Amino acid sequence: MSIPRLQNFINGEPMANTTGETIAVTNPATGKVIYEIEIADDSVKQAAIESATAGFKQWSAMTAMDRSRILLRAVALLREKNDELAMYEVLDTGKPMQEANCVDVVTGADAIEFFANLAPTQVGQQQDLGGDFYYTRKEPLGICAGIGAWNYPIQIACWKSAPALAAGNAMIFKPSEETPRGAVELAKVFIEAGVPAGVFNVVLGEGDVGQWLTGHPAIEKVSFTGEVGTGKKVMASAASNLKDVTMELGGKSPLIVFEDADISQAVAAAMLGNFYTQGEVCTNCTRVFVHESVYDAFISELKQRTENNIKAGDPQDLEVNFGALISKQHQQLVLDYIAKGKAEGATVLTGGNKMSVPGADGGYFVEPTVFTDCHDDMTIVREEIFGPVMSVLTFKDEEEVIARANNTPLGLAAGIMTQNVRRAHRVIHQLEAGICWVNSWGASPAEMPVGGYKLSGIGRENGIEALNQYTQTKSVYMGMVDLDSPF
Ligand code: NDP
């Protein structure tokens, strides 16, 4: 039986490459190849630039109201196709359907809806200068590149294209080669909704295709989601023609459980922030600081709920709430971190092993793992693992825990659990992180700007300010009287 092929999506339709080069895509829950993608070669790349150039011309000439109406049709289509698109995400990523069918497409559609509604509210300013005056226009940037990670493929493609398209830009998007389907499905939805051909193109391939985009002189901005190391390369390459950048990078985020916290809620936050999407979430609270006076109660409930409430299995089964890691290689990386945790003296409270899962034989599963007796200098406490591995640490007082929570070059997210409202504000204002939660974890509505401090990123996605990052201000000075010139 021949393997299905996914082609690059250029100028409103699939486009074949000429080299015939492909990459296989594997279902992480079975280890089996499900389809292959055609790698964007020179002919595809050139067509992508030409198509985006033409698409930009047409799209940017439309009124914001017209663009908004079309994007809202895309939102309706995404919601109509929710279960079908969610299934593609499950097959590509290995995440449970019970997550994908209510988060991945939904939050992607929400972002497009938010920015589509915001687009017509963009206005310039006018100021009188005593006869002469000036006014400003908010103009789109041109062709923007989006480069996505593999954990939330369609959501990332939506979050990047939503403000870009709403502001009148065109986009060339490169998904991770491990999870490429979502972006192509989104491209089809945009066409079906009436977005002109060429406004949203998808190029397929590995890092070198991303690198080509980041260095291309026709691209005005790069919005990147991925690892810190790759982000640095992307920024260096984008500097070639001073491209604007948005960087959504990794994290090693703290959750602080104070002595007055609701312990069951704190356990819920810690589990959500370590085991949702089998731990493959950038904002995960992989460092859980628990006040020593509530440590025993916290640990006992955490162990009991981790061992009893997590159900690994075929991610398509709606009862399953814990899926497979993205690849065999990533599974090994996570297992290597677990081995380092043990070797450096941390205690495994629960989990710690590879998992074989009935109904998902051949899948890349790792047990939900909790380490106790952790210290701040251990590898598992310092480095991003991007898997279901929680490190629990204890603390005595507020000042100490704030300093320890901030003692990392990363600053994506942070959270605290407390009933004391003054402490909540006091502590959260001192944490060096761009996304903070109080008595909550993980929610990221389209209205709320998200992004990292320190090495975790530059710029913001979602929220009103993200739209501004896809426009540039043109100032127009109007001379109303004759020029007074000495020449
Ligand atoms: P990578 O950095 O490995 O890859 C991200 C994307 O960049 C992929 O599409 C990749 O292609 C591409 N790429 C690789 N090399 C280059 C290059 N030199 N130039 C341009 N593009 C390149 O990240 P992962 O896919 O492994 O994703 C996991 C990481 O993403 C974690 O660190 C996680 O924290 C972070 N992340 C951050 C989020 C945030 O919002 N802050 C959200 C989600 C994830 P390919 O993979 O096809 O080789």
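Note that this is a predicted model, so its numbers are computed, not measured. In listed order, ligands and their atoms are each counted from 1.
Residue Lys311 qualifies as enclosed at atom NZ: its count of foreign heavy atoms under 6.0 Å is above 12.
Contacts of ligand 1 (protein heavy-atom distance under 4.0 Å) are Ile147, Gly148, Ala149, Trp150, Asn151, Lys174, Pro175, Ser176, Glu177, Gly205, Glu206, Gly207, Gly210, Gln211, Phe224, Thr225, Gly226, Glu227, Thr230, Val234, Glu248, Leu249, Gly250, Cys282, Glu384, Phe386, Leu412.
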>> Using the rule given for side chain to side chain donor-acceptor pair (under 3.5 Å), can you reason through Asp92 versus Tyr35, listing the C-alpha separation, both sets of side-chain angles and the distance that settles it, and then say yes or no?
In response: CA-CA 10 Å; Asp92 272 14; Tyr35 61 95; 2.8 Å; yes
>> Checking Phe386 against Trp150 for the ring-ring contact (aromatic ring centres under 6.0 Å, His included) test, could you report, in this order, the C-alpha distance in whole Å, the side-chain angles of both residues, the deciding distance, and whether it holds?
In response: CA-CA 11 Å; Phe386 223 57; Trp150 43 256; 5.2 Å; yes
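Using the six-membered ring where Trp is involved, His216 and Trp212 have ring planes that are perpendicular, over 60° apart on the 30 and 60° scheme.
Aromatic ring centroids of Phe395 and Phe289 lie 6.0 Å or more apart.
For the atom pair Ile219 CD1 and Ile143 CD1, the distance stands at 5.5 Å (nearest 0.5 Å).
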